[in-house]
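Input: a single structure, listed below in structure tokens.
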Amino acid sequence: MIAKQRQYFLILLFIFCLSEFAISQSSGNINSTAGLSSLWINRPPLFVNSTSTTGDLYGVTPILLRRNAGPQFLCGFCCNHNTTECFLGILLFDNRDRQNDIINSPQLVWSANRNHPVKPNATLQLGRDGNLVLADSDGTLVWSTNTTGKSISGLNLTERGNIVLFDTRKRAIWQSFDHPTDCLLPGQKLVSGQKLTATIPLTNHSFSFTVLNGSLVASIDTDPPQYYVASNQYDAQGSPYYDFDGRTLTALQDPYTSETQLIKLGPDGHIRVYQLNGFDWIELSEVLSPNLGNCGYPIVCGRYSICTNDKQCNCPVEGNFFRPINRNPDLGCSQLTSISCNSLQDHSLIELKETTYFAFEANFKPSSSIWFEGTKLEDCKIACLSNCSCKAVVWSGTLGKNCLLLNEVFSFMDNWGGRDKTTVFLKVQNSIKSQYQSPISSPRKQSRPLKVIVASTLAAFVGIVVSITTSFALFKRRLLTGKAGDLVDLATILPGILTRFSYNDLKVITEDFSRKLGEGGFGSVYEGTLSNGTKIAVKHLDCVAQGKDSFLTEVKIVGGIHHVNLVKLIGFCAEKNHRLLIYEHMVNGSLDRFISHKNPANGLTWHTRRRIISDVAKGLAYLHDECSQKIIHLDIKPQNILLDQNFNAKISDFGLSKLIEKNKSKVVTRMRGTRGYLAPEWLSSVITEKVDVYAFGIVLLELLCGRKNLDWSQADEEDVHLVSVFRRKAEQKQLMDMVDKNNEDMQLHKEAVTEMMNIVAWCLQGDFTKRPSMTLVVKALEGLVSVESNLDYNFTNLPEVVGNQQREATISSILPSILSGPR
């Protein structure tokens, strides 16, 4: 069903029903054509309850309306309930069933600004210069057709759902059909240079569908792209849904089915034809390679997992180098020991026979650095082992001796019955063996002359004295060098990754550190402006206790991780006693500002809160499972979750990290974190990434309830701890009472909010082994997995933070980690 394929914010924004009566009252002002100097302001006049399963209320500002006998199209601003996020788009619906004057199940088929929502009072203007411009309420340019001076005379919404800017001769100068998003309508063409892009990636990567080198190809957007579907013009013969002549794909209308059809690239990578059937969209067919099967898609089994013909997912077993994520190989597999680029000599390749990869089977090999043809197997393996970015090799000696090197690994396919035998080699990190072995006593050694023993002892003594003297001299030299103010040189470690600033530069950029954004245990954060006008946040660290080596490690770790839901590190300063980190500036500050709001106008809508929750979950999943080394944040709280101008959430303060050596299973550390967000296992000192899962559960509960976890202003003492209230309300089956009472939009979505509280309970399980991984949380939020049903609401009480008490934190030897403490 197409509703299950849509991104949740599009479900909330665009699955609605408009009253036919309401449109009829406005239809006198809503035509299918508009002239120059037309201006539309985003002031949604239509608010109608939806008959869909979401039951949401939405606002629409109609701009153009095209009435047909069957499919009908509406172009306009479509907003969420509080109109905090609006999109200029085209909606497709079928209103032939006029019973009860209801428009059935509109589908968003094109959007001008799906990645950049606008606010109320945003404008769309067709100027006298012929340019169609979308501007936000503050005047910021969001989108434009760039048609200035091209003799435009008007704007038209055609009967096929195409927005056209035409000239005096009625010729199309610009049209939305040339700029598709994730859908193709009957009659729409796709040519080289155009592509469909899936609206919501289920992983950190999206999918694309385009015409390339005479073929229709679909790929997962990695660098370089990995292709999983390729179809030529002969494959298209006889298809009722599309035509392809080798250069252009044309979407067709199957005359034997519903007139209301479309082709859509889904977030799972499937390209399907859908038609409207009554009140819902149903799937008719796969567009390309219908026989590809589930195993031919990149994320069907997650990373490193092997998909079999009976649709089972299994982790590689050779050498026991991999384990299923959350004990479920359907979610993918992770390496027991992460690959370290600091020890290439410890990398090796394990062989998986009769296994292949979707990108190898696509039979599409554009010029790319990941393909080697006509080479030898040993050369192929050496090429991977000498490049730390290479994660795996796919090899076939029967297909022209092809060698595919993978920088990113997704799902493999079992090829046991395949005619063309392929072999996969996975790169793994070998265990580091001890370089020293105890000497074995022998009669000859025990019978050495006494003078040899005495000479050896004296030599050893002299060696120790010389070593101590040399070490002291080097230490003194380093100390003097530090006092002299030499600049710490990171260029050899991070070439081209980060910008190095001098302290004087930062004084100018921050106006002598005059604009403070906040402060904490780490130091203070100041606002700055680069010469190109870019706003930055400068974190001045109080790191007297941090030496040069630890600072180098910290900057290296932060500079080496990149994710859309992690605050980006731009540069650093390490000069004299000054240690500063320069981050991107997040204009809406930290999440804690929005947790508790008495004024509903200042609160976050349900849609925005859901997106923030998903953003934080994806960021933590990346830190835990997708980095080369596991990073445990240890201080997840609203103050460390920052919001950009569109309220996209990013995790901050994860970079000041302590590296845990791979061959150690324990680290002595103080109890870290913030009171109210500490997992119960801190008392037993068994620390894994599940402490972050617990803290995430607390933040999630705070967002849903609109109050802080510890609130001493509560009149009733038993309501001070939100977790205690949660347990009590769950036992009384009164969870709806906990939904944010100060926000009308949250009250309208009580059922959905209460359902998400099941994820909260899952994350707060007292036994950390029963908590989900963050990767599993992401899938639960996307509706791909069900929440564990046998949940224990008897949560362990949180411990008091003990002043300076030292505790020994045990980390599983199979979970080498980086610990990031509070700042």
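- Distance NZ/K637 to OH/Y677: 8.0 Å, rounded to 0.5 Å.
- Between the side chain of R66 and the backbone N or O of L157 there is at least one donor-acceptor pair closer than 3.5 Å.
- Atom CG of D635 sits about 11.5 Å away from atom CD1 of I651, to the nearest 0.5 Å.
- A donor-acceptor pair under 3.5 Å is formed between the side chain of S176 and the backbone N or O of I163.
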Pair D644, N588 - check side chain to side chain contact (heavy atoms under 4.5 Å, CB included), show working.
CA-CA 5 Å; D644 67 10; N588 275 317; 5.7 Å; no
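- Atom CD1 of I595 is separated from atom CG of D711 by 12.0 Å, given to the nearest 0.5 angstrom.
- Counting heavy atoms from C-beta on, the side chains of L703 and L591 come closer than 4.5 Å.
- Side-chain atoms of M738 and F726, non-hydrogen and from C-beta on, do get closer than 4.5 Å to each other.
- Expressed to the nearest 0.5 Å, how far SG of C183 lies from OH of Y274 amounts to 9.5 Å.
- Checked by atom type and distance alone, the side chain of D136 never pairs as donor or acceptor with a backbone atom of D138 at under 3.5 Å.
- In this structure, the side chain of T123 does not engage the main chain of Q125 through any donor-acceptor pair within 3.5 Å.
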Begin from the C-alpha positions of V525 and Y583 and carry the test side chain to side chain contact (heavy atoms under 4.5 Å, CB included) through to its verdict.
CA-CA 10 Å; V525 180; Y583 289 94; over 6 Å; no
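- In this structure, N113 contributes its side chain and L88 its backbone to a donor-acceptor pair below 3.5 Å.
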Would H624 and D692 satisfy side chain to side chain donor-acceptor pair (under 3.5 Å), going step by step from the backbone distance to the final call?
CA-CA 9 Å; H624 291 176; D692 285 350; 2.9 Å; yes
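- Separating the CD atom in Q639 from the OG atom in S652 is a distance of 9.5 Å, to the nearest 0.5 Å.
- The SG atoms of C86 and C78 do not lie less than 2.5 Å from each other.
- With contacts defined as side-chain heavy-atom distances shorter than 4.5 Å, the pair R114/T197 qualifies.
- When all heavy atoms of L566 and G619 are compared, the pair lying nearest together is CD2-O, 4.0 Å.
- A salt bridge links E584 with K650; the closest basic N to acidic carboxylate O contact falls under 4.0 Å.
- Two residues are said to be in side-chain contact when any heavy atoms from C-beta on lie closer than 4.5 Å; I759 and M757 fail this criterion.
- Considering all non-hydrogen atoms of both residues, V567 and M586 come closest at CG2-CG, 4.5 Å.
- The backbone N or O of N565 sits less than 3.5 Å from a side-chain atom of H563, completing a donor-acceptor pair.
- Ion pairing between a basic and an acidic side chain is recognised when a charged N comes within 4.0 Å of a carboxylate O; E283 and K264 show no such pairing.
- Relative orientation of the W143 and W110 rings is perpendicular, given thresholds of 30° and 60° on the angle between their planes.
- S773 places no side-chain N or O within 3.5 Å of a backbone atom of N326 that could act as its donor or acceptor partner.
- Residues L710 and L722 fail the side-chain proximity criterion, which asks for heavy atoms closer than 4.5 Å.
- The closest side-chain heavy-atom distance from L704 to W606 is below 4.5 Å.
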Determine whether Q732 and R727 satisfy the following criterion, side chain to side chain contact (heavy atoms under 4.5 Å, CB included), listing intermediate values before the conclusion.
CA-CA 9 Å; Q732 298 171 354; R727 174 187 173 184; over 6 Å; no
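- Crowding of Q734 atom CD: a count of heavy atoms from other residues, nucleotides or ligands under 6.0 Å exceeding 12.
- Side chain of S590 to backbone of I641: no donor-acceptor contact under 3.5 angstrom is found.
- Between atom CZ of residue R611 and atom CG of residue L643 there is a gap of 9.0 Å, rounded to the nearest 0.5 Å.
- Between the side chain of N42 and the backbone N or O of K119 there is at least one donor-acceptor pair closer than 3.5 Å.
- One finds a salt bridge joining D740 and R609 here, because a Lys/Arg side-chain nitrogen approaches an Asp/Glu carboxylate oxygen to under 4.0 Å.
- Taking all atoms of both residues into account, the shortest heavy-atom contact from I41 to F77 is C-CE1, 4.5 Å.
- For the pair Q765 (side chain) and A761 (backbone), a donor-acceptor distance under 3.5 Å is present.
- Here the closest heavy-atom approach between residue D268 and residue F207 is recorded as C-CE1, 3.8 Å.
- Scanning all heavy atoms of the two residues, the minimum distance from H749 to D745 falls at ND1-O, 2.7 Å.
- Scored by the salt bridge (Lys or Arg N to Asp or Glu O under 4.0 Å) test, K750 finds no partners at all (sequence neighbours excluded).
- Using a 4.5 Å cut-off on side-chain heavy atoms (C-beta onward), L64 and I90 make no contact.
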For L331 and L776: C-alpha separation, side-chain torsions, deciding distance, then whether side chain to side chain contact (heavy atoms under 4.5 Å, CB included) applies.
CA-CA 7 Å; L331 304 179; L776 196 58; 2.8 Å; yes
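- Residues L108 and F87 have side chains not in contact (no heavy-atom distance under 4.5 Å, counting atoms from C-beta outward).
- Enclosure of atom NZ in K770 is not indicated, since only 12 or fewer non-hydrogen atoms of other residues, nucleotides or ligands lie within 6.0 angstrom.
- Looking at every heavy atom in both residues, V739 comes nearest to M746 through CG1-O, 3.6 Å.
- Taking the charged nitrogens against the carboxylate oxygens, K708 and E702 have no contact shorter than 4.0 Å, which rules out a salt bridge.
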